[in-house]
Amino acid sequence: MPPIAVIDFETTGLSPAAGHRATEIAIVLLEGSRVVGRFQSLMNAGRRIAPFIEEYTGITNEMVQAAPPAADVMTEAARFVQGAPLVAHNASFDQQFWQSELRRVSGRKRPDPVWTSPPSFACTMLLSRRLYPQAGSYRLGALASFHALPDAGRAHRALADAEVAASLLCRIRGDLQERYQVDEAPHDLLVQLQRCQRRSMPKAIAAYFEGLRDHA
DNA sequence: TGCCAGGCCCTCTTTAGGGCCTT
């Protein structure tokens, strides 16, 4: 099964369009349910971190000032991912920062397909909304408690959150297998399922695998 | 922690508004 990269950013705020920048990135590389690689680094993007975000993440201005430049870290992160499809919790957030930070790198160098091709993101929050209507809350921490996922360390640090999101993804894949007999849940199937209504999932799964067979 | 953003989803909806989730 091809690898999937589960990613999490810590940032100075909610929107790259508002000038917010990444302060930390972590990536957990999964093959099936097996972790085959981890990447984590603080990064210095030259932005001050507001006190309430320092408290929220535990990442201080001093820590970021001592970190390598954001461009170097993102270059290393892109090489680590090697074009693998990406997964995140509330992926629209991490997708914005992934693309924004990489654009800053590729804008200074010869364009590289790894950086210029927007990867497709699967979202563990959207999938959880469809699969676990009884969960109540779809915050990462709440879903970790709901499923009794292994503790990964301090919440709101990138590697801990990426580890929890990876565990959640494995749980989602396991439940898809149990409920819908999906032996493996490829990334593009996850992307399709996160867009369809719960009652339409069996039909979407069947259509997906019929499509694969027709193209074989 | 939330006023700032943006996407998704629900409903007292669809010619809209508000809550959730991410930092």
Side-chain angles (χ1 to χ4, degrees), chain A residues 5-28 40-65 67 70 73-74 77 85-104 118-147 149 152-169 171-172 189-201 204:
Chain A
V6 183
I7 189 168
D8 187 79
F9 278 104
E10 305 306 318
T11 72
T12 63
L14 297 173
S15 171
H20 298 143
R21 297 292 304 275
T23 57
E24 187 179 43
I25 184 173
I27 302 161
V28 173
Q40 180 273 331
S41 182
L42 291 163
M43 66 180 92
N44 185 356
R47 289 285 196 284
R48 292 290 297 176
I49 305 171
F52 76 86
I53 294 181
E54 284 187 315
E55 189 176 342
Y56 182 74
T57 63
I59 298 170
T60 65
N61 282 290
E62 290 70 27
M63 291 164 68
V64 165
Q65 281 163 11
V73 174
M74 290 305 299
L86 299 178
V87 175
H89 194 70
N90 194 17
S92 66
F93 174 85
D94 293 281
Q95 183 169 14
Q96 283 187 74
F97 279 96
W98 177 258
Q99 291 176 354
S100 170
E101 294 294 344
L102 286 182
R103 266 198 301 269
R104 290 174 179 273
S120 64
F121 271 72
C123 177
T124 50
M125 185 185 75
L126 293 180
L127 287 161
S128 295
R129 279 181 176 168
R130 283 151 180 81
L131 287 170
Y132 313 117
Q134 69 279 32
S137 169
Y138 297 94
R139 293 183 182 188
L140 185 59
L143 286 166
S145 298
F146 180 75
H147 291 301
L149 300 178
R154 190 194 193 286
H156 307 302
R157 284 299 298 264
L159 185 57
D161 283 1
E163 297 270 12
V164 173
S167 295
L168 178 57
L169 175 64
R171 176 64 189 244
I172 287 169
L189 173 61
L190 296 176
V191 171
Q192 288 187 29
L193 292 180
Q194 73 190 18
R195 303 282 180 191
C196 77
Q197 293 185 353
R198 179 177 166 78
R199 64 176 177 274
S200 306
M201 292 179 90

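So you know, we letter chains A, B, ... as the sequences are listed, proteins then strands, and number each from 1. Worth knowing before you read on, the calculation uses all heavy atoms, side chains too, and leaves out hydrogens, waters and symmetry mates.
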Over how many whole Å does the gap from [X] atom [atom1] to [N] atom [atom2] extend?
X      : N      : atom1 : atom2 : result
A/I7   : B/dT23 : CD1   : P     : 13 Å
A/L127 : B/dC8  : CG    : C1'   : 13 Å
A/Q95  : B/dC8  : CD    : P     : 9 Å
A/D161 : B/dT23 : CG    : C1'   : 10 Å
A/Y56  : B/dT1  : OH    : P     : 9 Å
A/L14  : B/dC20 : CG    : P     : 15 Å
A/Q197 : B/dT11 : CD    : P     : 12 Å
A/Q99  : B/dG6  : CD    : C1'   : 13 Å

Between [N] and [M], how far apart are the two [atom1] atoms, rounded to whole Å?
N      : M      : atom1 : value
B/dC12 : B/dG6  : C1'   : 25 Å
B/dT1  : B/dG17 : C1'   : 24 Å
B/dC8  : B/dT13 : P     : 22 Å
B/dC10 : B/dC3  : C1'   : 24 Å
B/dC21 : B/dT15 : C1'   : 28 Å

For this session: Please figure out whether A/D94 or A/A17 has its closest DNA chain B nucleotide nearer the 5' end.
Result: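 Result of the comparison: A/A17.
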Exercise. Taking for each residue the nucleotide of DNA chain B with the nearest heavy atom, is it A/F52 or A/S15 whose nucleotide lies nearer the 5' end?
Worked result: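 Here A/F52 is the residue nearer the 5' end.
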Problem set entry | Donor-acceptor under 3.5 Å (A/Q194 side chain, A/C123 main chain) |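 Yes, because the side chain of A/Q194 sits within donor-acceptor range (under 3.5 Å) of the backbone of A/C123.
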For this session: Could you tell me whether the side chain of A/Q192 and the main chain of A/A204 form a donor-acceptor pair under 3.5 Å?
Result: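 Not a single qualifying donor-acceptor pair exists.
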Any side-chain N or O of [X] under 4.0 Å from OP1/OP2 of [N]?
X      : N      : result
A/S92  : B/dC8  : no
A/R129 : B/dC20 : no
A/H89  : B/dC21 : no

With a non-hydrogen cut-off below 4.0 angstrom, is [X] in contact with a base, only sugar-phosphate, or nothing?
X      : value
A/Y138 : sugar-phosphate
A/T57  : sugar-phosphate
A/R198 : nothing
A/F9   : sugar-phosphate
A/E54  : nothing
A/H20  : nothing
A/T12  : nothing

Least distance between heavy atoms, [X] atom then [Y] atom:
X      : Y      : value
A/A155 : A/D161 : CA-OD1, 3.7 Å
A/Y138 : A/H89  : O-NE2, 2.8 Å
A/M201 : A/C196 : CG-SG, 3.8 Å

Taking the side chain of [X] as heavy atoms from C-beta outward, which of [options] is closest to it?
X      : options               : result
A/L126 : B/dG6, B/dC21, B/dC8  : B/dC8
A/F93  : B/dG7, B/dA5, B/dT22  : B/dT22
A/I53  : B/dC8, B/dT23, B/dC21 : B/dT23

For this session: With the side chain counted from C-beta on, respond yes when A/N61 and A/E54 share a heavy-atom pair under 4.5 Å apart, and no when they do not.
Result: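 Contact flag for A/N61/A/E54 side chains = yes.
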Exercise. Is the CD atom of A/Q65 crowded by more than 12 outside heavy atoms at less than 6.0 Å?
Worked result: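 Enclosed: over 12 neighbouring heavy atoms sit under 6.0 Å from CD of A/Q65.
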